Colleague: 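Submitted below is the structure of interest, expressed as structure tokens.
As the structure is a prediction and not an experimental result, all values here were calculated from the model. Only this structure's heavy atoms are used, side chains among them; waters, hydrogens and symmetry mates stay out.
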Amino acid sequence: MEEEFEIDPQDLLLENAMRVVFKAAEMLDAETLTSTQLKDISGALLDATQIVVTIESACGCDHDHETEEAE
């Protein structure tokens, strides 16, 4: 009997965004980075941030995340 796993696309996107953040942190710890590498890290972090913001704005949990953060 096979188990069926439902993969939540938002969970997958969030997991990938977090991997980007951790990889960027590792790269920023490097002794030397070229300007191209820094630009790539910046772009990847921007993409990850946009993913998280999009997921948060689509959250159906009936509370305002922005108000919660401001408190």
Colleague: Please, which pairs that meet side chain to side chain donor-acceptor pair (under 3.5 Å) have at least one residue in residues 38-51, sequence neighbours excluded?
Modeller: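 Qualifying pairs, neighbours excluded: none.
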Colleague: Residues two or more places apart in sequence or in another chain: which of them pass side-chain contact (heavy atoms from CB on, under 4.5 Å) with D8?
Modeller: Q10, D11
Colleague: For a 4.5 angstrom cut-off between non-hydrogen side-chain atoms, does L14 reach I51?
Modeller: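 No; the side chains remain at least 4.5 Å from each other.
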Colleague: Using every non-hydrogen atom in the two residues, find where V21 and A48 come nearest and quote the distance to one decimal.
Modeller: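 Heavy atoms only, the tightest pair is CG2-CB, 4.3 Å.
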Colleague: Does T34 have any side-chain contact (heavy atoms from CB on, under 4.5 Å) partners at least two apart in sequence or in another chain, and if so, which?
Modeller: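 Applying side-chain contact (heavy atoms from CB on, under 4.5 Å) to T34 gives T36, Q37.
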Colleague: Please list all pairs meeting side chain to side chain donor-acceptor pair (under 3.5 Å) that have one or both residues in residues 12-24, counting only residues at least two apart or in different chains.
Modeller: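 As it turns out, the side chain to side chain donor-acceptor pair (under 3.5 Å) pairs with a partner in residues 12-24, which skip direct neighbours, are E15-R19.
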Colleague: Of all residues at least two apart in sequence or in a different chain, which pass the side-chain contact (heavy atoms from CB on, under 4.5 Å) check with I41?
Modeller: A24, M27, L28, L33, L45
